[in-house]
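A short write-up of the structure that comes next.
Basis for what follows: all heavy atoms, side chains included, without hydrogens, waters or symmetry-related copies. Ligands are counted one by one from 1 in listed order, and the atoms in each one are counted from 1 as well. Only a predicted model underlies this, so the values are computations on that prediction, with no experimental measurement involved.
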Amino acid sequence: MRLWGGRFGARGGAAEAEDPARAPASDPLAAAYSRSLDVDRELAADDIAGSIAHVHALERARLLVPDEAALLVDGLEALADDIAAGRLSWDPDLEDVHLNLEAALTERVGPVAGRLHTGRSRNDQVALDLRLWLRRAVERVDAAIVELERALVTRAQTDGEAIMPGTTHWQPAQPVLFAHHLLAHVEMLERDRGRFADAWRRADRSPLGAGALAGAGFDLDRAAAAAELGLAGVTANSIDAVSDRDFVVETIAAAALTMSHLSRLAEELTVWSHPAFGWVALAEAWSTGSSMMPNKRNPDPCELVRARAARVSGNLSAMLGLLKGLPLGYQRDLQEDKALLFDSLATLEASLAVMAGVIGTLEVRSKRMRAAALQGWTTATALADALVELGVAFRAAHGIVGGLVAEAERRESRLDELPDAVLSAALAGADDAVAGALAARIAEGLGERLRAAATLEAALARPVVTGGTAPVRVREALAAAAGRLGVAGAL
Ligand code: ARG
């Protein structure tokens with residue numbers, strides 16, 4: 001019997017009304033199309049927790065006598081045990097998790113189960129279940145983000161002294177510490193944690209008592225039920241309570257952005273592990289071979305993280321599309337939120353664990369990284385800055401060093417290898433009085449000083465600003481991150 005089927009089939013006359021079994025069933029295709037059981041079974045534990053809180057609210061409102069309440073709570077707890085042990089037999093004809101659990105409860109405790117749905121609708125019920133589910137999921141996601149951050153920090157402590165050419169426009173730009181780059185990813189992940197926490201802060205309200213849309217017809221103590229469920233308060237408007245899925249959008253948005261961050265890291269690893277770079281090697285356990293080419297070592301897990309980021313951002317787009325045309329009140333469209341939310345968070349959780357595994361086992365080839373940093377005249381900015389320190393205007397210094405880069409390219413040398421004659425000619429030829437005066441001092445040791453300023457180590461040490469890549473700053477940042485995340489050790 002369909003729990004919502006009271007009016008169905010009654011039109012045909014007394015015989016059908018008296019015998020609901022003779023009422024026409026849903027078209028099998030309509031029933032199959034509407035069914036959500038396969039997806040929302042995931043909510044079973046939360047549905048039961050919400051029902052127990054509702055029983056207590058009904059008891060406090062004297063809509064249940066203590067014996068009835070006790071019978072219902074015992075029955076619900078027994079159901080929870082059955083579900084945890086995989087003993088509950090789910091009935092696909094019963095549409096969704098809520099109707100399955102109500103039917104199973106009836107079977108277990110008898111007619112008193114018919115009192116459970118007093119003052120409640122599946123509309124406030126599912127809105128509550130989803131929030132309770134979200135609380136657990138967000139806790140798991142947060143722990144998984146922290147694990148990846150720890151892996152990045154540990155990698156930074158182990159291999160962070162390596163120097164890599166930081167890029168802009170994907171061209172060699174300036175040398176940075178590998179630890180500095182890894183900590184950039186930690187920053188991104190910390191913001192992600194903040195976004196999940198923020199989304200949950202707004203979701204942390206109980207919609208129970210909103211009923212179908214107008215509010216329950218009994219003066220239930222909603223705040224007490226919310227407190228029992230560990231929620232921070234109650235929703236303020238019953239219509240909003242059953243229509244609102246903002247928290248689903250916000251959470252999927254946080255998941256989509258976190259996946260984008262993982263995807264950027266995954267993309268970097270695929271490039272860095274290409275033999276042309278050879279900056280890192282992915283552990284064999286996190287790589288795959290080819291069925292045809294014996295030489296291959298492919299970064300498949302990273303590639304799949306990249307692809308799954310697309311799927312989660314698709315989920316966000318689907319969820320926004322689902323909501324945008326919906327009038328207020330519950331609409332069945334809302335049922336489709338769950339597949340999108342569950343998939344987004346399951347994908348994210350798995351991807352975080354995969355990236356932690358990849359980073360935790362990464363082999364860093366610091367010699368290759370350093371060799372790459374020595375190419376592309378990445379110390380040019382540091383050399384220009386050194387000229388500024390000697391009084392040259394920055395624009396003039398930029399021009400002088402640009403000329404030196406061109407000369408170094410002709411000579412196939414680095415900037416810190418240019419001879420005095422080249423340095424003094426560049427200074428003398430500049431349209432800057434200070435530079436002209438400096439040209440005369442090149443032979444008196446200034447040439448040596450400028451070459452020293454153009455080495456990798458000197459260039460790396462220059463950005464001592466807060467947040468810069470100078471080793472002194474990176475050591476502080478790494479110690480702070482390690483302290484916050486409870487990771488022992490230092491760079
Ligand atoms: N399975 C439904 C969902 O997930 C539960 C709420 C159904 N409410 C209703 N009025 N049909 O959205």
Looking only at protein heavy atoms, identify the closest one to atom 8 (N) of ligand 1 and say how far it is in Å. N123 OD1, 3.0 Å
Does ligand 1 have a heavy atom under 4.0 Å from the side chain of V97, from its backbone, from both, or from neither? neither
Taking the basic N atoms (NZ, or NE/NH1/NH2) and the acidic carboxylate oxygens, is any pair closer than 4.0 Å for D192 and R195? yes
Applying a heavy-atom cut-off of 4.0 Å, say which part of K338 lies close to ligand 1: side chain, backbone, both or neither. side chain
Do the rings of F277 and W170 sit parallel, tilted or perpendicular, given the 30° and 60° boundaries? parallel
Salt bridge E102-R120, side-chain N to carboxylate O under 4.0 Å: no
Which one holds for H98 and ligand 1: side chain close, backbone close, both close, or neither close, with close meaning a heavy atom under 4.0 Å? side chain
Of Q335, E336, R35, R122, which has the heavy atom at the shortest distance from atom 11 (N) of ligand 1? R122
Under a 4.0 Å threshold between the charged nitrogen and the carboxylate oxygen, would R245 count as salt-bridged to D333? no
Y330 and ligand 1 - part of the residue with a heavy-atom distance under 4.0 Å: side chain
Which residue and non-hydrogen atom of the protein lie closest to atom 5 (C) of ligand 1, and at what distance in Å? D96 OD2, 3.6 Å
D246 and R202 ion-paired at < 4.0 Å: no
